[in-house]
Amino acid sequence: MASVSRRRARPLTAVEAGRGDWDLVVIGAGSAGLVGARTAAVLGARVLLIEADGFGGECLFTGCVPSKALIAAADAAQDARDAGRLGIHAGDVRVDFAAVMAHVKGAIAAIAPVDSPETLAETGVYTLRGRARFDGPRSLVVEGVGIRFRDALVATGSAPVVPEGVDVLTNETLWDLEELPETLLVLGGGAIGCEMAQAFARLGSRVTLVHRGDRLLPKEDPAASALVLSALRADGVEVRLGTTLSGAEREHGRTTARLDDGTTAVADRVLAALGRRVDTTGLGLDAAGVDLDASGAIAVDRTLATSNPRVRAAGDVTPLPRFTHTAGMFGSVAATNAVLGLSRRVRLDDVPRVTFTSPEVAAVGVSTADAATRGLRVVETAHHDLDRAIAEGRTDGFTRLAVDRKGRVVGATIVGPRAGESLGELSTAVSRGLTVRDLAGVLHAYPTYSDAGWNAAVRDAQGALRAGIVASAIRLLRRVRRRRG
Ligand SMILES: Cc1cc2nc3c(=O)[nH]c(=O)nc-3n(C[C@H](O)[C@H](O)[C@H](O)COP(=O)(O)OP(=O)(O)OC[C@H]3O[C@@H](n4cnc5c(N)ncnc54)[C@H](O)[C@@H]3O)c2cc1C
Ligand SMILES: NC(=O)c1ccc[n+]([C@@H]2O[C@H](COP(=O)([O-])OP(=O)(O)OC[C@H]3O[C@@H](n4cnc5c(N)ncnc54)[C@H](O)[C@@H]3O)[C@@H](O)[C@H]2O)c1
C-alpha cells in the first residue's frame, strides 16, 4: 500500500495518484461519479476521483442548474406580465439579459463549492485533475502516469446530438450568450427543447420550435403533451410538429433553416435539443474489455456491471434513464457493489421525472397513458376541481394515478404549478407499493396541489366502500346500529 492513501484525503498530482493502491477509481466527477466516490469513501474505501474538466459535471455547469436558474428568471418576467389576471398591474416588463445571465452564473458559483476537490477531500475522496484512459483491465493512464485499481467506475456522461453542418448552440454553449437572441430556432421537443423554448420566449425572444414527432414530450402522457403545447403557444412559441431540419444556411448573422415539410424558419440563433449521444472515443474501453451497446453507451446489467467484472458504469454514459437523480443513485449503487462485492440491483419502475415548463409535468412509474393497455385503472383529479388551483387561477392541469388490481399506485402524472414538488409523495407510493387506501388515509393540508392526488385516492377508496365484502359489512353495521336505536 503506497503512502498517499494512509494520509488524509486531498487533491493529488498524477504521479502521486500513480503511487496509490486504490480500491475504487472513479472516472468523471458529474452526478454519478461524485455520489459514487462519496459513497465509496463513506464505506471506508480508498477512492480516487478523476475529472478532466469541472468537478460538478453537466448538471452543475451546463445542465440542471443553469437551465433552472434561467427558467426562474423567465417565469418571474411572465408572472409580472401576467399579474393583471389577478388585478395587479406591474407595468412594462424589462428584461436585463446580462443580469439574468449573472443570476445563472451566480447559481452555479453558489453550488460549485459543494463539489470542489477540497470539499471532497473532507469526505475522504482523493481527487485528480486529468483525462483518464484505460490501458488494461485493471489499470489506466492519466498524463502518461499509470494508475492501478481493484475496481473502477466509469461515469463520463454524454454529449448533445448536433445536426451536421449547422452552426448551433447546445446546452454546452448556451450559457455564454451575452445578448438575448431576437429570434431563436429550437430543434427538438423533448425536455430541453420545451424548457428552453418557453424560457427564451418569456425573456423576449421570438421562438420557433421544430419537433419531428406529432406531440411534444413524447415520453409523457399525451394529455400532458397537449397542455404543454397550449402553454408554449400561449407564450408566443411557434411550434411546428412532424417536421425536421433538412439543411441550413447562415448569412449576415442569421440562419435560414430548411425543414423537410418544405417550409423554412429564419433565426438569429439555433439551439439543438435533439437528445444525447455517448462518445467513449479515447477512453480505452477496448483495452479494458468493456463492451458498448448498439447506441454506443456502455452496456450494463442491473447491478451496473459491465463486461469487465472489475469495471462498473453509471449515469449518462449508460443507456439507463438520464437524470441527475438516477445518475447519483445508480453511481452510489455501483460504488457499493464495487466496494463491498455486492450485487445490488437498480430499480427502473419508480424513476421520477419532472419537466420544468410552466405548467410543470411530473411523472413516476408506469405511464398513465399506458394504463388501459396494462389492465390498470386511472383515478384522476382535474385541477378545475382543485381549490388551490382555482385560488391561483392555474386550473390547466391534472393529477392522475395508475392503480393496479390490488389497489397499488404504480404510476402517476401531474401537470400543474409545482408538480415536481407534489411528485415526491407519489414516488414514495410507487416505490413502496402503497395503495390508494394508504394515500386516502393520510391527512393532507388544505389547500395544496398535493390535495389533488389525495382527493383522487379518497374518491377511489370511497368507491370501494360501495361494493363487495366491505359494502356488505357496512350495511350490516348500519342495520345493527339502527336496531339498537
Ligand atoms: C440542459 C439540461 C438540463 C437538464 N436538467 C435536468 C434536470 O432538471 N433534472 C435532472 O434530473 N436532469 C437534468 N438533466 C440531465 C442531467 O444533467 C444528467 O443526466 C446528469 O448530469 C448526468 O450526470 P453524469 O454524472 O452521468 O455525467 P456528467 O455530469 O456529464 O459528468 C461526466 C464527467 O466526466 C468527465 N469526463 C469525461 N471523460 C473523462 C475522462 N476520460 N477522464 C476524466 N473525466 C472525464 C466530464 O468532464 C464530466 O465532468 C439536464 C441536462 C441538460 C443538458
Ligand atoms: N427536467 C429534466 O429532468 C431534464 C431537463 C432537460 C434535459 N434532461 C435530460 O437531458 C437529456 C437530453 O434532453 P433532450 O431534450 O435533448 O432530449 P430528448 O431525447 O428528451 O428529446 C429530444 C427530442 O427531439 C426530437 N428530435 C430528435 N431529432 C430531431 C430532429 N432531427 N428534428 C426534430 N426533432 C428531433 C426527438 O424526437 C426527441 O423527442 C434527456 O436525457 C433528458 O432526460 C432532463
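Residue numbers run from 1 in the order of the sequence given. Each ligand, and each atom within it, is numbered from 1 in the order the structure gives.
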Can you give each donor-acceptor pair under 3.5 Å made by side-chain atoms of residues 102-114, sequence neighbours left out, with the distance rounded to 0.1 Å?
residue : atom : partner : partner atom : Å
H103    : NE2  : A69     : O            : 3.3
K105    : NZ   : W175    : O            : 2.9

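- A191 CB, 4.1 Å is the protein heavy atom nearest to atom 44 (C) of ligand 2.
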Quick one: side chains of residues 237-247, donor-acceptor pairs under 3.5 Å with protein atoms, not counting sequence neighbours, listed by atom name and distance.
residue : atom : partner : partner atom : Å
E238    : OE2  : R240    : NE           : 2.9
E238    : OE2  : R240    : NH2          : 3.3
R240    : NH1  : T263    : OG1          : 3.0
R240    : NH1  : T264    : O            : 3.1
R240    : NH2  : T264    : O            : 3.3
T243    : OG1  : D260    : OD1          : 2.7
T243    : OG1  : D261    : N            : 3.4
S246    : OG   : R258    : O            : 3.1

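- With a 4.0 Å heavy-atom cut-off, ligand 2 is reached by the side chain of P218 but not by its N, CA, C or O.
- Under 4.0 angstrom from ligand 2, the non-hydrogen atoms of V354 all belong to its backbone.
- Here the side chain of Q198 pairs no donor or acceptor atom with the backbone of T357 at under 3.5 angstrom.
- For the pair G213 and ligand 2, no heavy-atom separation below 4.0 Å is found.
- With atom 30 (C) of ligand 2 as the reference point, the heavy atom nearest to it among T244, T324, D316, N171 is part of T244.
- By the 4.5 Å heavy-atom criterion applied to side chains, T399 and H383 are counted as neighbours.
- In this structure, of R276, M196, K68, K219, the residue bringing a heavy atom nearest to atom 11 (C) of ligand 2 is R276.
- Contact residues for ligand 1 (protein heavy atom closer than 4.0 angstrom to any ligand atom): I27, G28, A29, G30, S31, A32, I50, E51, A52, D53, G54, G57, E58, C59, T62, G63, C64, S67, K68, G130, R131, A132, A155, T156, G157, N171, I192, R276, L283, G315, D316, R322, F323, T324, H325, A327, F356.
- Residue contacts with ligand 2: H211 is included, with a non-hydrogen atom under 4.0 Å away.
- Atom 26 (N) of ligand 2 has its closest protein heavy atom at R212 NE, 3.7 Å.
- At the shortest separation from atom 22 (C) of ligand 2 among protein heavy atoms lies A273 O, 3.4 Å.
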Atom pairs and distances, side-chain donor-acceptor, residues 131-148, under 3.5 Å, sequence neighbours left out:
residue : atom : partner : partner atom : Å
D135    : OD1  : S139    : OG           : 2.6
R138    : NE   : F149    : O            : 3.2

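- Protein heavy atom at the shortest distance from atom 40 (C) of ligand 2 is R322 O, 4.3 Å.
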